[in-house]
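Have a look at the structure below before the remarks.
Whatever order the structure lists ligands and atoms in, that order sets their numbers, starting from 1.
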Amino acid sequence: MTTDFAGTLRNICAKYIIRQTCLICGSITETGTPLCFSCFESGFLKKIRGLSFYNKDENRCGKCGCLLASPVALCANCRKTAFLSAVDRNLCLFPYFGENRELLTLWKISGMRGLSQLFARCMAEIFIPADIPVVPVPPRPGKIREKGWDQIEEIAGILESKYHIPVCRCLERDTRIQQKQLGRLARRINIKGHISVKKKIKPPETVIVMDDLMTTGATLDACASALKEAGCANVYGLTLFFD
Ligand SMILES: [Zn+2]
Ligand SMILES: [Zn+2]
C-alpha cells in the first residue's frame, strides 16, 4: 500500500467512518485532528500568542526561552553555563511534562502524524509576520529510510507549503550514534562536529534553527555553530518543547 493511498484511506475513515476524538478531553473533534479546537486553543495557541523573536517577554529567559519563575533577564541555567553559546536567542514553546510529554511520544514514537499539523500551526504562530528562513535540525542518516518519515522535516514541509515560510535545508548530520542513548556530557561531545553545512550551500544571514525538543541544548548549539562557521550572522532557535 503506498503512503498516499494509506493517507487517503485514513482521511476517509477520519471523515466518514471513525470520528476522531480529542486526545485530551475525549470529545469528537470538529476537524478530524487529534485535539479539539478548545483544547488546542487553551493548551497551546493561547500560551504562545504574541511570542516573537522581536519582543522581549519578561516571563521567559532572554537566552534559552524557558519559562521563568520570577522576572529576571536570564534563567539560572543560562547564568551558570553558556550552554547555548552559538545561539543568539532561543524560543521554546511548551514545557515537556504531563499531557505535552504524552503527545510528543504519540507523535514521534507512535507515529501519530495527525499531530504534525497542530505542531506546525504552533511554530507558524512564532513566524508570523516574520520572514526569517527556518533551518530544520537534520535527522540522523538512515532515519527516513527506516521510519518512513522525520517529524522535523514534516513540520518544515507544512511551514513551507501551508504558511509560505522559507525553509533552508542546509544542514547534514554524519553520525550514527543516537543522542538519546547517551548521558548529558556524552551528548555534548558526541554531537559537536557531526553537524555541518552542506557543501556548496551558502546559508542566509539570519536563520531560525527548528527542533522538536530541547534537553541539553547540544543539538541546537551544534547546528548554530556550524551555521555561524559557514557565515550566518544571526542564528535563532525554535523548539516545540523544553525539558
Ligand atoms: Zn479536547
Ligand atoms: Zn535560560
task: Could you walk me through whether Y236 and V87 pass the side-chain contact (heavy atoms from CB on, under 4.5 Å) test, one step at a time?
output: CA-CA 6 Å; Y236 300 110; V87 179; 5.7 Å; no

message: Would E125 and K47 count as a salt bridge (Lys or Arg N to Asp or Glu O under 4.0 Å) here? Give the steps.
response: CA-CA 11 Å; E125 182 71 22; K47 293 183 176 163; over 6 Å; no

message: Considering the Zn ion (ligand 2), could you give the total of protein N/O/S atoms lying closer than 2.8 Å?
response: 4

message: Between the side chains of R49 and E41, is the shortest nitrogen-to-carboxylate-oxygen separation below 4.0 Å, so that they form an ion pair?
response: yes

- prompt: Do the ring centers of F119 and F241 come within less than 6.0 Å of each other?
  reply: yes

query: Linking I/L/V/M/F/W/Y whenever any side-chain heavy atoms sit under 4.5 Å apart, do I144 and I152 land together?
result: no

query: Hey, what's the angle at the Zn ion (ligand 1) spanning SG (C25) and SG (C22), nearest 10 degrees?
result: 110°

message: Would a single hydrophobic cluster contain both M112 and F94, if residues Ile, Leu, Val, Met, Phe, Trp and Tyr are joined by side-chain heavy-atom contacts under 4.5 Å?
response: yes

